[in-house]
Amino acid sequence: MTRTIENRAYGVDVSDWQSSDLSAMASAGSKYAIVKVSEGLNYQNPKASAQVNSANSNGMMPAGYHYAHFSASRSQAVLEGNYAVNSTKQAGIKPGSYLACDYEEGSGNSTTQGYSASADAILAFMDTVASAGYKPLLYSGKEILTKKVDVKKVTAKYGTCLWIASYEYKSGTRLDNPDFGWFPSMDNVAIWQFTDNWRGLNVDGNISLIDLKTDGKPVSKPTIKQSAPQSWVDELGDTWIKEEGKFYPNGTINIRYGARTTSDIIGTVTKGDCVKYDAYSRHGGYVWIRQPRENGQPGFLVCRQGNDPWGRFE
């Protein structure tokens, strides 16, 4: 069955940070919900199925997104594409629906591995999604897509497929309606994410610039070899994902005893320092990394607030 959401419609995107019940968002006027289904090769949103069910129950069109870790690796992008498709089906989002690649800097992904190579990897992911019967989108900020990715190579194949994040005000500021004076002027934009606190609901707010259509085409389920789980939930209920990397802060950041802004400070890092980390977690509006320390007690520090990195990653 074909379903159409007319352009200039409001929508939200949600992850495990948000509630499983999306009724308040529907009541506020949201016509579609883009649900995080997966990340890398080892994480699936535990709330995805419930959020998709809630979207359907409240008359919203469900879609999915996957947070990329493949950087500029085409082979990794294909694996993640298959993993995303599998996760999207498990969440209850049918083929013929939209499935976006969330391509950002940090938390497992690097956008600085080559202007053309990055576009090729993104296309490998989108091709995998499209071959499974889903409609691929590409999410990122204008800065990344104009300076670090050959986005014209992507849009030459998939047309109006961009989902762009650009905020008029700083992160956390309530915004009910978009000001098109702040629209990130680009070609081929399908959806604009204009705030991370839409109508005071602490959820990203989006507006569609084209009619959004799903057609429900059935396709066979892809088979993929699953990697061993590399994530766990700690005693506070936060999900951690194993990843080894280096973080270079832009300024002074506190190292804390726990991954909470209220935890005791046990040290600091400053601009120019190299922080080696072995895991990260997204919760409370931040991305935290875990730093192994010589005394056996790890330290924890913030590396991102919302969509804003506090340094660079390697």
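What's counted below: heavy atoms across the whole structure, side chains too, no hydrogens, waters or symmetry copies.
Side chain of Arg256 to main chain of Thr262: no donor-acceptor pair is present (N/O by atom type, distance under 3.5 Å, no hydrogens or angles). Side chain of Thr252 to backbone of Thr270: no donor-acceptor contact under 3.5 angstrom is found. At distances below 3.5 Å, at least one donor-acceptor pair connects side-chain atoms of Ser208 with backbone N or O atoms of Ala9. For Asp196 (side chain) and Gly172 (main-chain N/O), a donor-acceptor pair under 3.5 Å exists by modelled atom type. Side chain of Asn56 to backbone of Asn53: no donor-acceptor contact under 3.5 angstrom is found. In terms of modelled atom types and a separation under 3.5 Å, the side chain of Lys135 and the main chain of Leu212 share no donor-acceptor contact. Between the side chain of Asn109 and the backbone N or O of Ser71 there is at least one donor-acceptor pair closer than 3.5 Å.
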*Test side chain to side chain donor-acceptor pair (under 3.5 Å) on Thr112 and Ser110 and set out the steps.*
CA-CA 6 Å; Thr112 59; Ser110 172; 3.1 Å; yes
*Just do the side-chain contact (heavy atoms from CB on, under 4.5 Å) check on Val12 and Gln18 with the steps written out, would you?*
CA-CA 11 Å; Val12 295; Gln18 279 77 38; over 6 Å; no
*Candidate pair Lys147 and Tyr115, rule side-chain contact (heavy atoms from CB on, under 4.5 Å), full reasoning*: CA-CA 8 Å; Lys147 295 183 178 180; Tyr115 184 72; over 6 Å; no
*So Thr88 and Val129, side-chain contact (heavy atoms from CB on, under 4.5 Å) or not? Walk me through it.*
CA-CA 10 Å; Thr88 302; Val129 165; over 6 Å; no
_Verdict with supporting geometry, Asp127 and Lys157, salt bridge (Lys or Arg N to Asp or Glu O under 4.0 Å)_ = CA-CA 10 Å; Asp127 289 347; Lys157 184 166 189 178; 2.9 Å; yes
*Residues Ser140, Lys148; criterion side-chain contact (heavy atoms from CB on, under 4.5 Å); working and verdict*: CA-CA 11 Å; Ser140 195; Lys148 299 180 179 180; over 6 Å; no
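The structure places CD1 of Ile289 at 9.5 Å from CD of Glu243, a figure rounded to the nearest 0.5 Å. Here the straight-line distance linking atom CE of Met25 with atom CG of Asp13 works out to 9.5 Å at 0.5 Å rounding. Leu145 contributes atom CG, which lies 10.0 Å from atom OG1 of Thr155 (distance to the nearest 0.5 angstrom). Between Met60 atom CE and Asn58 atom CG the span is 5.5 Å, to the nearest 0.5 Å. In this structure, the separation between OH on Tyr158 and CG on Asn188 is 14.0 Å, given to the nearest 0.5 Å. Atom OH of Tyr43 is separated from atom NZ of Lys36 by 5.5 Å, given to the nearest 0.5 angstrom.
Side chains of Asn206 and Tyr32 form a contact here, defined as non-hydrogen atoms less than 4.5 Å apart. Val149 has its side chain out of reach of Thr111: every pair of non-hydrogen atoms, C-beta onward, lies at least 4.5 Å apart. You'll find the side chain of Thr173 stays beyond 4.5 Å of the side chain of Thr195, heavy atoms only. Within the 4.5 Å cutoff, side-chain heavy atoms of Arg260 are placed close to those of His283. The shortest side-chain heavy-atom distance between Gln76 and Leu41 falls under the 4.5 Å cut-off. Proximity of Leu99 to Val85: side-chain heavy atoms (C-beta onward) are separated by under 4.5 Å at one or more points. Looking at heavy atoms from C-beta onward, Phe180 lies in side-chain contact with Leu209 at the 4.5 angstrom threshold. Counting heavy atoms from C-beta on, the side chains of Phe194 and Phe183 never come closer than 4.5 Å.
No more than 12 heavy atoms of other residues, nucleotides or ligands sit less than 6.0 Å from atom CZ of Arg74. Within 6.0 Å of the NZ atom in Lys47, the count of heavy atoms belonging to other residues, nucleotides or ligands exceeds 12. Atom CD of Gln297 sits in a crowded spot, with more than 12 heavy atoms from other residues, nucleotides or ligands closer than 6.0 Å.
When hydrophobic clusters are built by joining Ile, Leu, Val, Met, Phe, Trp and Tyr residues whose side-chain heavy atoms come closer than 4.5 Å, directly or via intermediates, Tyr67 is not grouped with Phe70. Both Ile122 and Met186 are part of a single hydrophobic cluster, where members link through side-chain heavy atoms under 4.5 Å apart. Put simply, Tyr286 and Tyr248 are part of two different groups of oily side chains (I, L, V, M, F, W, Y) that touch within less than 4.5 Å, one to the next. In the hydrophobic clustering of this structure, Ile144 groups with Leu138; members are Ile, Leu, Val, Met, Phe, Trp, Tyr whose side-chain heavy atoms approach within less than 4.5 Å, directly or through other members. Ile255 and Ile265 fall into different hydrophobic clusters, where Ile, Leu, Val, Met, Phe, Trp and Tyr side chains are chained together by heavy-atom contacts under 4.5 Å.
With hydrogens and angles left out, the side-chain atoms of Asp21 and Ser23 include a donor and acceptor closer than 3.5 Å. Side-chain polar atoms of Gln113 and Ser118 form no donor-acceptor pair below 3.5 angstrom. In summary, the side chains of Ser75 and Ser73 do present a donor paired with an acceptor at a separation below 3.5 Å, with no hydrogens or angles considered.
Looking at every heavy atom in both residues, Leu201 comes nearest to Asn197 through N-OD1, 3.4 Å. Of all non-hydrogen atoms in Ser107 and His69, the two that sit nearest each other are O-NE2, 3.1 Å. Closest approach of Ala91 to Val37, counting heavy atoms only: CB-CG1, 4.1 Å. When all heavy atoms of Arg293 and Ile266 are compared, the closest pair comes out as NE-CD1, 4.0 Å. Residues Val78 and Ala124 share a closest heavy-atom pair of CG2-CB, 4.1 Å. Annotation for Gly40 and Glu80: closest pair O-CG, 3.6 Å, computed over non-hydrogen atoms.
For the ring-ring contact (aromatic ring centres under 6.0 Å, His included) test with Trp240, the passing option among Phe300, Tyr280, Tyr277 is Phe300; the others fail.
In summary, the aromatic rings of Trp163 and Tyr98 are positioned with their centroids too far apart to meet the 6.0 Å limit. Between Phe247 and Trp310, the distance from one ring center to the other does not fall under 6.0 angstrom.
The cationic atom of Arg199 (NZ for Lys, CZ for Arg) lies less than 6.0 Å from the six-membered ring centre of Tyr10 and within 45° of the ring axis.
Using a 4.0 Å cut-off between charged side-chain N and carboxylate O, Arg174 and Asp176 make a salt bridge. At a threshold of 4.0 Å, the pair Asp16-Arg282 does not count as salt-bridged, since none of the basic side-chain nitrogens sits closer than that to a carboxylate oxygen.
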